Amino acid sequence: MNRSILLSSLLFICVAAYSQPEITDSANRISLAKPLMVETQETVFKVVHIGDSHIQADWFSGRLRDLLQQHYGNAGKGLIFPYRQIKTNPPNTFSTFSNVPFQSAKMVRCRSACNVGIAAYDAYMQRGNSLAVSLKRDTSMQFVSALYHTEENDHAVIFNSDNDTANYTIQRTGDYVIASYKKQVPPTFSLQVKSAVTLNGIIASNGRPGVLYYTIGANGATFSNYNNAALFFKQLSSLQADLVIVSLGTNESVSDMPADTFYNYINTFYMNLAASCGHTNFMFTIPADNYRRRVSTTRKKVKGKWRKKRVVSYVNNTKVEEIRNTMVAFCNDKNVMYWDLYAAMGGKGSMKSWVHTGYAAKDHIHFSKAGYELQGELLFKALQRIIINL
């Protein structure tokens with residue numbers, strides 16, 4: 001009898017843990033939407049997704065990438081960076097290997113003007129350093145380019161140990177270089193440096209028509225961090241994006257930043273985007289609901305002695321709604337598309353149910369892999385409503 005009750009209880013817990021949280025109708029809507037002309041029959045449609053830790057892990061953006069490429073063609077991975085070699089978490093779509101770690105610069109440390117590039121991180125590579133890259137999902141031959149800064153010879157970076165300068169196209173733009181390898185390389189390839197460079201990123205595409213999806217994310221990043229990195233916006237222009245998706249605001253929601261200051265940061269970011277990308281389509285995603293961690297101490301008498309007990313609780317973060325309202329107001333003012341994840345997941349207090357169902361992490365800010373992938377699926381459905389495939 002007791003065993004049957006126990007088994008039934010376990011079954012209930014498992015079902016509850018993996019049931020889907022309630023999603024509102026707004027999950028399938030993009031506000032201020034205009035038709036998105038996606039030409040992928042013979043050309044490449046380039047998407048750039050910019051964000052914070054929600055994007056660096058590439059589960060949300062990765063699921064969206066997979067769905068877009070399944071429906072409209074796969075043109076490649078886009079941005080690659082040696083995250084592991086600078087001791088931060090990489091996405092799972094590629095691996096990088098080196099026999100030495102790299103020193104780094106991080107955009108989140110930019111409290112004032114700085115020169116961090118397109119990946120929101122820089123890696124400092126010394127003469128003779130090498131990096132092996134292995135794509136995990138795209139097994140096609142690849143066209144590759146490297147973006148970097150060097151004080152010496154512009155031909156400082158080579159691929160697959162090919163020293164023939166005739167096999168590279170070198171484009172110097174201000175204070176950085178784009179070296180494009182004319183030959184295709186296998187999905188596992190290497191990069192070597194002949195003199196010290198600051199590596200900003202590697203671009204990989206397979207040469208086929210379809211969607212080329214660049215993911216740019218940095219743990220802890222804010223609009224202000226990106227605004228301080230002038231080189232980021234210079235290099236962003238070289239990607240020639242057709243759609244830029246911006247997923248920022250979570251880190252501002254756990255700060256005491258006034259609404260008008262936040263609005264100004266978004267506006268500066270948007271002006272920088274417009275200056276870099278011209279008439280590109282822009283879309284902002286509204287941050288999810290979250291909770292703030294609270295730690296308190298209680299005293300309890302145990303066997304005649306008073307004991308202190310540390311109690312951790314989570315309180316709904318009312319700042320998120322202010323952040324959400326400010327972003328919506330900005331998008332309405334500028335007539336910019338936005339997707340309201342806050343409303344889609346259920347609004348105020350909804351993070352609690354996402355944690356309960358296993359779709360969000362116990363920190364009540366981040367999500368599980370399944371939760372991020374669900375967001376990618378919801379955004380894809382929303383995008384489908386406005387995509388015209390030519």
Side-chain angles (χ1 to χ4, degrees), residues 76-88 90-91 94-110 112-135 141-205 214-216 218 226 228-240 276:
K77 170 65 182 77
L79 182 65
I80 295 169
F81 188 81
Y83 297 98
R84 191 175 298 282
Q85 283 65 46
I86 65 165
K87 299 182 180 179
T88 189
F94 62 87
S95 297
T96 55
F97 307 91
S98 177
N99 59 349
V100 294
F102 303 145
Q103 296 296 311
S104 66
K106 301 180 179 182
M107 184 179 287
V108 294
R109 295 178 182 168
C110 294
S112 58
C114 67
N115 254 345
V116 176
I118 191 61
Y121 297 96
D122 287 341
Y124 302 130
M125 300 180 67
Q126 300 301 316
R127 181 192 302 271
N129 286 170
S130 64
L131 180 72
V133 178
S134 179
L135 299 179
M141 297 292 286
Q142 302 287 317
F143 290 101
V144 291
S145 301
L147 285 72
Y148 55 91
H149 169 78
T150 179
E151 298 289 349
E152 302 180 43
N153 184 358
D154 284 356
H155 289 275
V157 171
I158 60 174
F159 290 98
N160 285 355
S161 302
D162 187 349
N163 280 298
D164 188 348
T165 57
N167 289 329
Y168 297 85
T169 298
I170 301 295
Q171 177 186 353
R172 172 170 277 281
T173 305
D175 53 357
Y176 72 96
V177 175
I178 303 176
S180 300
Y181 193 44
K182 294 180 181 179
K183 296 181 177 181
Q184 282 187 286
V185 300
T188 296
F189 59 91
S190 62
L191 174 150
Q192 297 85 31
V193 296
K194 298 189 293 182
S195 59
V197 303
T198 301
L199 180 68
N200 306 123
I202 301 167
I203 305 299
S205 62
Y214 301 92
T215 300
I216 302 166
Y226 281 97
N228 286 330
L231 182 60
F232 170 80
F233 290 101
K234 291 178 184 178
Q235 294 186 341
L236 180 62
S237 65
S238 69
L239 302 186
Q240 300 180 322
S276 299

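Note: hydrogens, waters and symmetry copies are ignored here, and every other heavy atom, side chains too, is used. The structure presented is a predicted model; accordingly, all values stated were derived computationally and were not measured.
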Say whether [X] and [Y], considering side chains only, have a donor N or O and an acceptor N or O under 3.5 Å apart.
| X | Y | value |
| --- | --- | --- |
| S190 | Q192 | yes |
| T96 | Q85 | yes |
| S276 | S237 | no |

Nearest-0.5 Å distance that lies between atom [atom1] in [X] and atom [atom2] in [Y]:
| X | Y | atom1 | atom2 | result |
| --- | --- | --- | --- | --- |
| D154 | Q171 | CG | CD | 11.0 Å |
| N200 | F81 | CG | CZ | 8.0 Å |
| N115 | Q235 | CG | CD | 9.0 Å |
| K106 | Y121 | NZ | OH | 6.0 Å |
| N167 | H155 | CG | NE2 | 11.0 Å |
| Q142 | L135 | CD | CG | 5.0 Å |

Would you please name every residue forming a salt bridge (charged side-chain N to carboxylate O under 4.0 Å, His left out) with R127, sequence neighbours left out? E152
Pairwise side-chain contact, [X] with [Y], heavy-atom cut-off 4.5 Å (strictly under):
| X | Y | result |
| --- | --- | --- |
| S98 | N129 | no |
| L131 | F102 | yes |
| L191 | F189 | no |
| L231 | V116 | no |

Start with the C-alpha distance between Y181 and D162, add both sets of side-chain angles, then the distance that settles side chain to side chain donor-acceptor pair (under 3.5 Å), and finish with yes or no. CA-CA 9 Å; Y181 193 44; D162 187 349; 2.6 Å; yes
Give the C-alpha distance, both sets of side-chain angles, the deciding distance and a yes or no for side-chain contact (heavy atoms from CB on, under 4.5 Å) between T198 and Y148. CA-CA 5 Å; T198 301; Y148 55 91; 5.9 Å; no
List the steps, then state whether side-chain contact (heavy atoms from CB on, under 4.5 Å) holds for D122 with L199. CA-CA 6 Å; D122 287 341; L199 180 68; over 6 Å; no
Nearest atoms (heavy-atom pairs only) where A179 meets F159: O-CE1, 4.1 Å
What are the two closest heavy atoms between S112 and N228, and how far apart are they? O-CB, 3.2 Å
Are there more than 12 heavy atoms of other residues, nucleotides or ligands under 6.0 Å from atom CZ of R109? no
Intermediate values then yes/no, side-chain contact (heavy atoms from CB on, under 4.5 Å), S238 and Y176: CA-CA 11 Å; S238 69; Y176 72 96; 4.2 Å; yes
What verdict does the side-chain contact (heavy atoms from CB on, under 4.5 Å) test give for K194 and I158, after you've listed the backbone C-alpha separation in whole Å, the side-chain angles of each residue and the deciding distance to 0.1 Å? CA-CA 8 Å; K194 298 189 293 182; I158 60 174; 4.0 Å; yes
